[in-house]
Amino acid sequence: MPVLLLALLAFWTGDAAAQGAASFERSGLIIETAQGQQHRFDIELAVTPAQQAQGLMYRQRMAPDAGMLFLYDRPQSVAMWMKNTLIPLDMLFIDTKGRITGIEERTVPFSTQTIESPGLASAVLELNAGTAERLGIRVGDRLVHPAFR
């Protein structure tokens, strides 16, 4: 099969590995609720523009205790969408101190609807859809991770 045809096939089928997907550093993260519960996650870090552009696109599944943390250089208005994202997600918007300032639950795969932070955000944590509700994660809860001191 010619190389161009393989590249087009990878694009059309959403094979991220064949498209040269960005690689991500892994880290541990804890969400501490107002009730004192601690929920541990194994996350990937999206720090560079290429990593942030790739995000969780084309992934067919994610472990229940996994997620992706988008870290920004400075607090900013954040707008995301679900185009090319196959799995529904919860998006948690985070301030500089690691506090959750907003939660967008159960986002719709493939949607081009813009999802915006409810103010300035230093980070966004993406988890499997329904995780926030299942674990009782709310606005005001705190992320424990070296990115937030």
Side-chain angles (χ1 to χ4, degrees), residues 10-149:
F11 177 77
W12 286 326
T13 61
D15 184 348
Q19 293 180 46
S23 62
F24 301 91
E25 181 181 336
R26 299 188 81 82
S27 181
L29 176 142
I30 296 171
I31 298 178
E32 198 171 76
T33 68
Q35 294 75 31
Q37 295 174 312
Q38 292 190 341
H39 304 289
R40 297 178 189 284
F41 294 91
D42 177 29
I43 61 163
E44 294 174 275
L45 299 173
V47 180
T48 68
Q51 291 170 330
Q52 291 170 352
Q54 177 69 38
L56 291 170
M57 290 192 313
Y58 307 110
R59 305 264 181 111
Q60 297 199 10
R61 69 189 68 74
M62 186 166 61
D65 65 342
M68 182 171 284
L69 183 63
F70 293 74
L71 293 171
Y72 303 104
D73 292 335
R74 58 177 172 67
Q76 57 190 283
S77 294
V78 177
M80 304 176 108
W81 65 0
M82 295 289 292
K83 184 176 183 180
N84 299 322
T85 305
L86 309 176
I87 54 177
L89 300 169
D90 287 348
M91 292 181 182
L92 287 63
F93 298 93
I94 318 297
D95 71 11
T96 57
K97 295 181 181 177
R99 294 272 175 207
I100 300 171
T101 60
I103 301 174
E104 184 71 29
E105 295 187 66
R106 294 175 174 21
T107 60
V108 178
F110 302 106
S111 173
T112 56
Q113 176 183 347
T114 302
I115 301 163
E116 297 182 20
S117 59
L120 301 181
S122 292
V124 176
L125 177 62
E126 293 183 341
L127 303 171
N128 283 302
T131 300
E133 180 182 26
R134 179 174 53 84
L135 298 178
I137 297 168
R138 305 277 181 257
V139 169
D141 291 348
R142 185 172 72 94
L143 274 65
V144 179
H145 185 271
F148 311 106
R149 303 209 186 280

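Bear in mind the structure is a predicted one, so any value in this text is a computation, not a measurement.
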Just wondering, do His39 and Leu135 contact through their side chains at under 4.5 Å, heavy atoms? yes
Value for CD (Gln51) from CD (Glu25), rounded to nearest 0.5 Å, stands at 8.5 Å
d(Thr114 OG1, Lys83 NZ) to nearest 0.5 Å is 12.0 Å
So which pairs with a foot in residues 127-137 pass side chain to side chain donor-acceptor pair (under 3.5 Å), sequence neighbours left out? Arg106-Glu133
Give, for atom CD1 of Ile100 and atom CZ of Arg142, the distance between the pair rounded to the nearest 0.5 Å. 11.0 Å
Are Gln54 and Phe24 close enough that some pair of their side-chain heavy atoms sits under 4.5 Å apart? yes
Side chain to side chain contact (heavy atoms under 4.5 Å, CB included) partners of Ser27, counting only residues at least two apart: Ile43, Leu45, His145
So, for Ala129 and Asp90, which heavy atoms are closest and what is the spacing to 0.1 Å? CA-OD1, 3.5 Å
Audit row: Met80, Glu126, side-chain contact (heavy atoms from CB on, under 4.5 Å) steps and yes/no: CA-CA 11 Å; Met80 304 176 108; Glu126 293 183 341; 3.6 Å; yes
Is the shortest side-chain heavy-atom distance between Ile103 and Phe93 below 4.5 Å? no
Would you find a donor on one side and an acceptor on the other, under 3.5 Å apart, between the side chain of Thr85 and the backbone of Ile87? no
Closest contact, heavy atoms only, Pro75 versus Ser122: CG-OG, 3.7 Å
Over all heavy atoms of both residues, which pair between Gln52 and Phe70 is shortest? Give the atoms and the distance, please. O-CE2, 3.5 Å
Would you say Arg61 and Arg59 make side-chain contact, with heavy atoms under 4.5 Å? no
Close side-chain approach of Phe41 and Leu69, heavy atoms under 4.5 Å: no
Carefully, step by step, assess Ile94 and Phe148 under the rule side-chain contact (heavy atoms from CB on, under 4.5 Å). CA-CA 10 Å; Ile94 318 297; Phe148 311 106; 3.7 Å; yes
Gap separating the CD1 atom of Ile30 from the CG atom of Asp141, nearest 0.5 angstrom: 13.5 Å
Between Gln37 and Gln35, is there a donor-acceptor pair closer than 3.5 Å when you use the side chain of the first and the backbone of the second? no
Compare every heavy atom of Arg40 with every heavy atom of Asp65, then report the nearest pair and how far apart it is. CB-O, 4.0 Å
Smallest separation among heavy atoms of Gln60 and Leu86, with atom names: CG-CD1, 3.7 Å
Decide yes or no for Leu143 and Leu29: does some side-chain heavy atom of the first lie under 4.5 Å from some side-chain heavy atom of the second? yes
Side-chain contact, heavy-atom cut-off 4.5 Å: Leu92 with Leu127? yes
Atom of Met91, atom of Val124 and distance for their closest heavy-atom approach: CB-CG1, 4.3 Å
Would you call Thr101 and Pro118 a side-chain contact if the rule is heavy atoms closer than 4.5 Å? yes
Gap between atom CD of Gln38 and atom CD of Glu32 - 0.5 Å precision: 5.0 Å
How long is the span from the CD1 atom in Ile115 to the CH2 atom in Trp81, to the nearest 0.5 Å? 11.5 Å
